Amino acid sequence: MTESPVLVGMSTSELREWVATQFWEPAYRGNQIAQWVYRRAVDSFEAMSDLPARLRTRLSEVALITPNQIDITQRSRDGVVKGLLRLSDGNEVECVLLPYEERVSVCLSTQVGCAMGCRFCATAQGGYTRNLTTGEMVDQLLHLQRLSERPITHLVMMGMGEPLLNLPNLVRALHLIHEEVGISMRRMTVSTVGIVPKIYELAEHRLPITLAISLHAPDDETRAKIMPVNRKWTVETLLQSARDYFERTHRRVTFEYLLLREVNDTPDHARLLAQRLRGVPCLVNLIPFNYVPTPDQYQRPEVERVQRFRQILEQAGIEVSQRMERGHDIDAACGQLRGKHRGKPIPLKMSYSVSH
Ligand code: SAH
């Protein structure tokens, strides 16, 4: 663990106060530092060229921009980069850069491990260690920005962990990324396993983000089998919280629906789903299972089964999307973020420059 002050995680106003009280510098130096840290994503004080040289030296003596390090663990042919952030206490979380033609997205973790125990998820198999701090969440984005040729435009909180069980740090991270990095909240998605009281609590914040709920089954019996969390909150209580979320925020909810062959992908499941979602303003995002070895030996459904499922929902008037799958050749897809990195990391190649 480090004792030095860490800049990533501090807001402009905190940086202003810090430079003024610690270094007797004019407060606007704090604005300059924030620009370098968040907008330009620099990783050295030396690079902060509009600060006086003596201040840069002082800063590098007493503070750290970040105490964490990134290893690139895999790069896929379609441009996806999977990173492993090594935290100052030795823990590790994964994060992913997903470049598309019209946007650059990142998938970030919110906890070290996860306690939710979903039967199909690789992260669940490692158990839960701890919540990430606000700075550790923002830091994943900044590290990925340095590896990206284009500015990051979108983010999804769909890496390791359950975001709503780390709500205060999560909300602060979303604010920091919005206010300091400059990514609109409309381009942020938070995905939850369905922690019902926390969905109500999040609604109180009235953030213009997208809430994605991992529904994955329309009935309690199926859902409880694959997601232990359903033993605590039923499908009906979860759907009620989604309705409430929409009423308060006017943001349509996304329901993620992971398709597992013969488990939750039959026409009957599709019909029941359509029936239960009637009257809930939503989008259903179908995710064919990304293969990970699981105790139940889940399989991915054939394309025709996915199409049939989709058709039934659409005929019932439900809007459906299918997750664009990326990074398959490197196991960077959802639910696959765990532990294959034990080999040698790929050396960092700095190809990054952002100009704002
Ligand atoms: N804990 C949060 C966010 C992290 S998981 C949540 O549950 O939503 C992000 C998404 O990936 C969730 O929808 C999750 O159910 C899904 N997922 C997990 N394992 C998967 C797998 N093997 N294949 C496809 N999606 C998976």
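Just the heavy atoms: all of them, side chains too, but no hydrogens, waters or symmetry mates, feed the values below. In this chain, residues are counted from 1 in sequence order. Note that this is a predicted model, so its numbers are computed, not measured. In listed order, ligands and their atoms are each counted from 1.
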Checklist entry - Counting only heavy atoms, which portion of Glu256 has something under 4.0 Å from ligand 1: side chain, backbone, both, or neither? => result side chain

Next on the checklist: Closer than 4.0 Å to some heavy atom of Phe120 - which atoms of ligand 1 meet that?
Outcome noted: 15 (O), 18 (C), 19 (N), 20 (C), 21 (C), 22 (N)

Checklist entry - Strictly under 4.0 Å, does any heavy atom of Gly194 approach an atom of ligand 1? => result no

Next on the checklist: Determine whether the aromatic ring centres of residues Tyr257 and Phe309 are separated by less than 6.0 angstrom.
Outcome noted: yes

Next on the checklist: So, using ring pair (Phe, Tyr, Trp, His ring centres under 6.0 Å) as the criterion, who are the partners of Trp18 when residues are at least two apart?
Outcome noted: Phe23

Next on the checklist: Under 4.0 Å between a side-chain nitrogen and a carboxylate oxygen: does that hold for Arg310 and Glu314?
Outcome noted: yes

Item to check | Numbered atoms of ligand 1 (with element) below 4.0 Å of Ser214, judged on heavy atoms | outcome: 6 (C), 7 (O), 8 (O), 12 (C), 13 (O), 15 (O)

Next on the checklist: Below a 4.0 angstrom heavy-atom separation, can you tell me which part of Thr192, side chain or backbone, both or neither, approaches ligand 1?
Outcome noted: backbone

Checklist entry - Is ligand 1 less than 4.0 angstrom away from at least one heavy atom of Cys114? => result no

Next on the checklist: How close do Ile318 and Ala274 get, counting heavy atoms only, and between which atoms?
Outcome noted: CD1-CA, 3.5 Å

Next on the checklist: Can you tell me which portion of Met160 lies within the under-4.0 Å heavy-atom range of ligand 1? Options are side chain, backbone, both, or neither.
Outcome noted: neither

Next on the checklist: Could you work out, for atom 25 (N) of ligand 1, the closest of Leu258, Val229, Val156, Thr110 by heavy-atom distance?
Outcome noted: Leu258

Item to check | From CA spacing to verdict: salt bridge (Lys or Arg N to Asp or Glu O under 4.0 Å), Glu25, Arg58 | outcome: CA-CA 12 Å; Glu25 288 284 333; Arg58 273 295 284 142; over 6 Å; no

Checklist entry - Numbering the atoms of ligand 1 from 1, which are under 4.0 Å from a heavy atom of Gly161? => result 1 (N), 2 (C), 3 (C), 4 (C)

Next on the checklist: Only heavy atoms of Gly159, strictly under 4.0 Å: list the atoms of ligand 1 that pass.
Outcome noted: 4 (C)

Item to check | Selected option - heavy-atom contact closest to atom 14 (C) of ligand 1, from Met158, Glu162, His216 | outcome: His216

Checklist entry - Is the gap between the ring centers of His216 and Phe120 under 6.0 Å? => result yes

Item to check | Atoms in ligand 1 flagged as close to Cys121, the criterion being non-hydrogen separation under 4.0 Å | outcome: 18 (C), 19 (N)

Checklist outcome for this item: Residues at least two apart in sequence or cross-chain that pass salt bridge (charged side-chain N to carboxylate O under 4.0 Å, His left out) with Glu204, listed by chain then number, are Arg248

Item to check | Result of checking Arg130, Arg172, Arg86 against Glu136 for salt bridge (Lys or Arg N to Asp or Glu O under 4.0 Å) | outcome: Arg130

